[in-house]
Amino acid sequence: MTRVSELLALADSITGFMPPDEGRALFDNALLHGARKPNATWMEIGSYCGKSSVYLGAAAEQSSSLLYCLDHHHGSEENQVGWPHHDPTLVDLEDGRLNTLPHWQRTVARARLESTVVGVVGESSIVAQHFAQPLDLLFIDGGHGHDVAWRDFQLWARKINTGGLLMIHDVFSNPSDGGQVPYEIYRAALQSGVFVDVAEVGSLRVLVRIR
Ligand code: SAH
Ligand code: MG
């Protein structure tokens, strides 16, 4: 088994909300982009237990890029007790809060990606206001509530270099398939004239910054 196929198989097996075909698309697009611009800085917003971190991390490793994975690790609204995406095994028995950080760390260690994938633990908008490094790839998959997702788009997408990739997850044009906020920010990215579409697999959208 090659290193890449080992990592993709591992990613497929991790708990999360990323179907394998969308995970592969995340990897494929990141890999292509990394080949064109190696040694770059990439950012994932919303890491949960590390599934998408491994798909992206596998591509980052191939291009000697560094992938930051940002999450406060206390889960989104839909991960809390009483919500459909709640997993009781992720609750910290000390304080009763959801805590995915140990799970994310174990995933990255199992993948042997610790030199390529670096965790940033905190609230996305707070980190964004102090993060000055330009990005060559941004993956937005954090909170899907209106204010949180719009802030992620407004505060982070402007850091992408011209030629860089913007990937957005859970984009559903039909309201019966899922929440509309990721779709709204995807539309806004296109309407700005700053980003154009390059790929679409399931609910994943891949855009490139053209100016
Ligand atoms: N990309 C992951 C799934 C992410 S789920 C995968 O495909 O495997 C969304 C994550 O966003 C949750 O782990 C949650 O803790 C995080 N999140 C939600 N709102 C956030 C915020 N405001 N700041 C930081 N992280 C946030
Ligand atoms: Mg998602």
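When a ligand or atom number is given, it counts from 1 through the structure's own listing order. Computed from heavy atoms alone, side chains included, the values below leave out hydrogens, waters and symmetry copies. From a predicted model like this one, the values you see are computed outputs, not experimental measurements.
Each of Leu8, Asp28, Ile14, Leu31 was compared with Tyr55 under the side-chain contact (heavy atoms from CB on, under 4.5 Å) criterion, and only Leu8 meets it.
Here the heavy atom of the protein found nearest to atom 4 (C) of ligand 1 is Asp141 O, 3.4 Å. Nearest protein neighbour of atom 20 (C) of ligand 1, counting heavy atoms only, is His72 NE2, 3.3 Å. The protein non-hydrogen atom at the shortest distance from atom 23 (N) of ligand 1 is Ser124 N, 2.9 Å. Looking only at heavy atoms of the protein, atom 22 (N) of ligand 1 is closest to Glu123 OE1, 2.8 Å. At the shortest separation from atom 15 (O) of ligand 1 among protein heavy atoms lies Asp71 OD1, 2.7 Å. Here the protein heavy atom with the shortest distance to atom 19 (N) of ligand 1 is Gly143 N, 3.4 Å. Protein heavy atom in closest approach to atom 6 (C) of ligand 1: Ser52 OG, 3.2 Å.
Under the 4.5 Å side-chain heavy-atom criterion for ILVMFWY residues, no single connected hydrophobic cluster contains both Phe195 and Leu204.
Proximity of Gly122 to ligand 1 is established by a heavy-atom distance of less than 4.0 Å.
Geometrically, ligand 1 and Gly46 share a nitrogen or oxygen pair separated by less than 3.5 Å.
Shown here are the protein N/O/S atoms lying under 2.8 Å from the Mg ion (ligand 2), water excluded: Asp141 OD1, Asp141 OD2, His169 ND1, Asp170 OD2.
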